[in-house]
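A, B, ... follow the sequence lines: proteins, then strands. Residue 1 opens every chain.
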Amino acid sequence: MKELIDLFFTFARIGGFTFGGGYAMLPMLQREVVESRHWATEDELADYYAIGQCTPGIIAVNTATFIGYRLRGIVGGIVATLGVISPSIVIITIISAFISNFSDLPIVAHAFGGIRACVCVLIFNAVIKLGKKALNSPIAIAIFIVVLGLTLFIPSISPIILVVCAGIFGVVQGKIRPQGSVDAVSLNTADVSDATVSDATDVSDATDVSDAADVSDATDVSDATDVSDATDKKGGAK
Amino acid sequence: MISLLLLSWEFFKTGLFAVGGGLATLPFLYDMSAKTGWFSLEDISNMVAISESTPGPLGINMATYVGYSSFSLPGALIAPLSLVIPSIVIIVIVAGILEKFKESKLVKDIFSGLRPASTAMIAAAGLSVAKIALLHLENCSGISALSDLSLASILDVLNIKAIILAIVVYVAIKKFNRHPIFYIMLSAVIGIVFKF
């Protein structure tokens with residue numbers, strides 16, 4: 001029961017601070033679900049998003065249901081979903097009942113100017129974290145570049161087509177190159193490229209660790225420095 | 001009562017057939033407006049504006065708004081709940097199947113292709129937010145030929161205040177790694193104080 005309550009409020013917090021659609025949820029999911037609570041791994045988050053893209057319904061809801069289900073079965077799926085939608089229901093009801101021209105208020109427009117700038121940085125940072133894990137081979141990098149190019153230059157292209165094609169490509173690639181070759185030490189020259197790949201991922205893992213170490217060092221003093229930091233920002237933004 | 005059932009049915013259908021995020025529900029709302037007359041096309045553009053300037057998933061915000069403006073509080077509850085029921089059912093089925101075949105090589109291969117694709121789609125969404133947040137695209141129209149490109153015209157297109165804030169947020173994330181909510185609140189306050 002305690003875990004279900006935690007699940008509800010975690011997703012309510014995420015829903016209450018998701019500005020700009022399901023993708024903007026990713027930084028918060030990484031923080032709450034992967035780093036703080038270990039309910040899923042970085043890779044699994046990428047999987048949930050891929051599935052959420054090509055199944056009907058809203059991506060944020062699909063992802064919440066997925067994580068909740070994995071944790072506590074069907075009840076977990078329902079609780080996480082109710083959590084992620086409840087702030088919306090409360091906020092929108094209040095706004096439509098009492099504030100007739102909410103989106104025209106200058107204070108709202110200014111706040112959102114700031115929030116949007118912040119959200120694109122948060123998404124950028126989240127994509128880098130995800131990419132360190134997901135882009136672990138030349139083929140994965142190629143898929144990333146092709147899908148990014150198609151999404152940017154042909155906006156009308158359906159995400160379903162992209163996801164299905166990427167899945168098929170993954171299967172074909174798995175058939176050509178038997179699994180485990182990345183780890184296996186082999187004299188085959190074809191595996192040389194694999195070896196460099198695994199080296200490269202090792203390096204990124206290593207930097208991950210040092211990043212994390214830096215962070216934990218920094219957070220100890222962050223409370224003291226944050227105040228000066230915030231004032232810096234105000235000065236900087238002028 | 002009958003109309004509440006109809007509202008529930010309409011949003012259930014939307015949840016079942018709208019694939020690919022909140023804005024995918026728009027065509028369904030246009031259809032609903034034409035069929036039922038609960039709200040006008042102008043109401044829809046208001047809904048989009050409000051949904052985009054409030055937290056929460058876009059589709060849920062729009063469903064709540066439609067539900068409230070057409071049927072007050074019961075509508076505000078029934079519309080979003082009806083919208084998510086298909087999601088819950090479908091994802092529970094998909095997750096159950098995946099759980100069963102998690103160790104199969106086929107599923108692993110599929111996901112090795114899906115992960116980079118999914119990362120790319122999130123990156124593309126981030127770039128489209130960046131375009132709105134960091135640029136004044138409305139000033140682009142002045143630049144029609146290469147000869148129009150001057151430093152001043154480029155500076156007109158860049159939203160300098162927002163770019164500075166973005167850089168500051170990025171540096172702060174790298175340095176302090178606080179909860180994303182902290183940076184969002186801070187940016188909202190900075191946006192209000194400096195009139196973004």
Would you give the length of the straight line joining atom [atom1] of [X] to atom [atom2] of [Y], rounded to the nearest 0.5 angstrom?
X       : Y       : atom1 : atom2 : value
S187(B) : F112(A) : OG    : CZ    : 12.0 Å
R31(A)  : H179(B) : CZ    : NE2   : 6.0 Å
I91(B)  : I67(A)  : CD1   : CD1   : 11.0 Å
I60(B)  : T18(A)  : CD1   : OG1   : 11.5 Å
I50(B)  : I91(A)  : CD1   : CD1   : 12.5 Å
S128(B) : L152(A) : OG    : CG    : 8.5 Å

| For the side chain to side chain donor-acceptor pair (under 3.5 Å) test, which of T63(A), N62(A), T65(A) pairs with S87(B)? | N62(A)

Please look at [X] and chain A and tell me whether the side chain, the backbone, both or neither of the residue comes under 4.5 angstrom of a heavy atom of that chain.
X       : result
Y170(B) : both
I88(B)  : both
K131(B) : neither
T119(B) : both
I160(B) : neither
P86(B)  : neither

For the [atom1] atom on [X], are there more than 12 heavy atoms of other groups (residues, nucleotides or ligands in this structure) within a distance under 6.0 Å?
X       : atom1 : result
L135(B) : CG    : yes
E42(B)  : CD    : no
F111(B) : CZ    : yes
F124(A) : CZ    : no

So, do [X] and [Y] sit near enough that their side-chain heavy atoms are less than 4.5 Å apart?
X       : Y       : value
L98(B)  : F66(A)  : yes
Y183(B) : C118(A) : yes
L83(B)  : I85(A)  : no
R116(A) : F196(B) : no
Q173(A) : D109(B) : no
R115(B) : N136(A) : no
I184(B) : F19(A)  : yes
Y49(A)  : I122(B) : yes

Which one, [options], leads in non-hydrogen pairs under 4.5 Å with chain A?
options                           : answer
L106(B), I85(B), V84(B)           : V84(B)
S72(B), A125(B), A63(B), S51(B)   : A125(B)
P55(B), S69(B), G191(B), A79(B)   : P55(B)
L127(B), I90(B), I181(B), I110(B) : I181(B)

Closest contact, heavy atoms only, [X] versus [Y]:
X       : Y       : result
L148(A) : A123(B) : CD1-CB, 3.9 Å
L114(B) : V163(A) : CD2-O, 3.1 Å
I123(A) : G126(B) : CG2-CA, 3.7 Å
V129(B) : C120(A) : CG1-CB, 3.9 Å
A76(B)  : I89(A)  : O-CG2, 3.8 Å
A117(B) : V147(A) : O-CG1, 3.7 Å

Output the option from [options] having the highest count of non-hydrogen pairs under 4.5 Å with chain B.
options                           : result
P27(A), G77(A), A97(A)            : A97(A)
I115(A), V119(A), I14(A), I141(A) : I115(A)
T93(A), D47(A), V127(A)           : D47(A)
M25(A), E35(A), R13(A), E32(A)    : E32(A)
A134(A), S88(A), A46(A), G113(A)  : S88(A)
V61(A), D43(A), V172(A), V146(A)  : D43(A)

| query | Under the 3.5 angstrom rule, does the side chain of K108(B) hit a backbone N or O of G174(A) as a donor-acceptor pair? | reply | no

| query | In terms of heavy-atom proximity below 4.5 Å to chain B, should V171(A) be classed as side chain, backbone, both, or neither? | reply | both

| task | Below 4.5 Å from any heavy atom of chain B, which atoms of T81(A) appear? Answer side chain, backbone, both or neither. | result | side chain

